[in-house]
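Remember, it's a predicted structure, so these values are computed and weren't measured experimentally. Lettering of chains follows the sequences in order, A, B, ..., and the numbering in each one begins at 1.
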Protein chains: 2
Amino acid sequence: MTTDSLIKALDAAEAHCLERGEKLTPVRKRVLELVLEADGPVKAYDLLEALKPGPGSAKPPTVYRALDFLMTAGLVHKVEALNAFVGCSHAHDDGGAELYICSDCGNVEERHGAPLPMNAPAGFVIQRSVVEHFGQCANCRTG
Amino acid sequence: MTTDSLIKALDAAEAHCLERGEKLTPVRKRVLELVLEADGPVKAYDLLEALKPGPGSAKPPTVYRALDFLMTAGLVHKVEALNAFVGCSHAHDDGGAELYICSDCGNVEERHGAPLPMNAPAGFVIQRSVVEHFGQCANCRTG
DNA sequence: TCCGGGATGTTATAATATCACGCTCTCGGT
DNA sequence: ACCGAGAGCGTGATATTATAACATCCCGGA
Ligand SMILES: [Zn+2]
Ligand SMILES: [Zn+2]
Ligand SMILES: [Zn+2]
Ligand SMILES: [Zn+2]
């Protein structure tokens, strides 16, 4: 991600939060920036390390609170199978997305509108879905 | 799960392992039994507690090694979003399954043959999929 | 018998995540 | 201006989940 598009994404995120009546505070913005800068899923404690050079603080609750906020706002997704986090460029309020994660290069593609549950049990009402596909992206196969 | 069907499941699991040229040792069998007995996803450290009255030991590696074996054999699945484990009654060697997990009663239904990825990125080759749906089962909705 | 590898036991530690408490803002109401 | 409520955050401690590293046991084949 280029510096320009990063700045744009952060501005868009700020606007998105304001629409929701919430504040993208400096800590939250910095965490989002770190997640977006990363070229793949990023671990909470790596974010913690990256925050440390900052103004003194940086303890686990700081980063987990920021991540919780960002996930609720739809700006970040958790990759459950990796205990890691990825930025979301779609800013969709519902938490659901399909993630395609390349095991070789770490690149993550996001898709929406899963049509799936043809084979849900009768009467089962889905509230939240976790869909994560691991494999190789086109680049890593041919490269 | 009744005692009878539990015994049958364990016998079937033993046969399944033998077909694969592997051994369902006492520790592994006991862990599988505990997972199958549970009425929902079960945590590794709960298994650990349950093992302790048993033959002496029970340290984390014991249960994690047993769970790794059982997952590879297709006898147990990990619910990634819960860091918990469920028994599998299908004994399918491929790791993939769709799990429908009731957030109220903990019941887990498993489905296979997901046709999904209509919307995978071009050229992406899926090696492993995690599909977990959380919500309410029919019983808990009407109850 | 002797060796070799799989399985297990054992000790320690790493990695991930949350709790509990208190401080400081800011914002409205008075 | 004063107060009180609530959000955000700092801080220390702790809970939860998982693995590393090495020793030991056991069983089957040479
Ligand atoms: Zn998204
Ligand atoms: Zn790739
Ligand atoms: Zn299964
Ligand atoms: Zn239910």
Would one find a side-chain N or O of [X] under 4.0 angstrom from OP1 or OP2 of [N]?
| X | N | value |
| --- | --- | --- |
| B/K78 | D/dA18 | yes |
| B/T25 | C/dA7 | no |
| A/N83 | C/dA15 | no |

Quick one: do A/E98 and B/N119 satisfy side chain to side chain contact (heavy atoms under 4.5 Å, CB included)? Show the steps, please.
-> CA-CA 9 Å; A/E98 296 171 60; B/N119 37 8; 3.2 Å; yes
Touch check for A/R65, heavy atoms < 4.0 angstrom, all strands: base, sugar-phosphate only, or nothing?
-> base
Assign A/K43 to base, sugar-phosphate, or nothing according to its heavy-atom contacts below 4.0 angstrom with the strands shown.
->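 Since only primed, P, OP1 and OP2 atoms lie under 4.0 Å of A/K43, the category is sugar-phosphate.
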By nearest nucleotide on DNA chain D, pick out whichever of B/D68 and A/R28 is the more 5' one.
-> A/R28
So do the side chains of B/L34 and B/R30 get within less than 4.5 Å of each other, counting heavy atoms only?
-> yes
Test side chain to side chain contact (heavy atoms under 4.5 Å, CB included) on A/N107 and A/E109 and set out the steps.
-> CA-CA 7 Å; A/N107 183 57; A/E109 293 283 335; 3.4 Å; yes
Pairwise distance CG(B/L32) to CD(B/E14) - rounded to 0.5 angstrom = 10.0 Å
Could you tell me the separation between the CD atom of A/E33 and the CG atom of A/L47, rounded to the nearest 0.5 Å?
->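 Between A/E33 CD and A/L47 CG, I get 11.5 Å after rounding to 0.5 Å.
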Whole angstroms only, please: what is the [atom1]-[atom2] distance between [X] and [N]?
| X | N | atom1 | atom2 | answer |
| --- | --- | --- | --- | --- |
| B/L48 | D/dA15 | CG | C1' | 15 Å |
| B/L82 | C/dT16 | CG | P | 18 Å |
| B/E80 | C/dT16 | CD | C1' | 14 Å |
| A/E22 | C/dT26 | CD | C1' | 17 Å |
| B/L51 | C/dT8 | CG | C1' | 13 Å |

Nucleotide nearest [X] when distance is taken to its side chain, options [options]:
| X | options | answer |
| --- | --- | --- |
| B/A44 | D/dC9, C/dT8, D/dA18 | D/dA18 |
| B/F85 | C/dA17, D/dG12, D/dA18 | D/dA18 |
| B/P61 | C/dT11, D/dT11, C/dA17 | C/dT11 |

ring centroid sep under 5.5 Å plus plane angle under 30, B/Y45 with D/dT16 | no
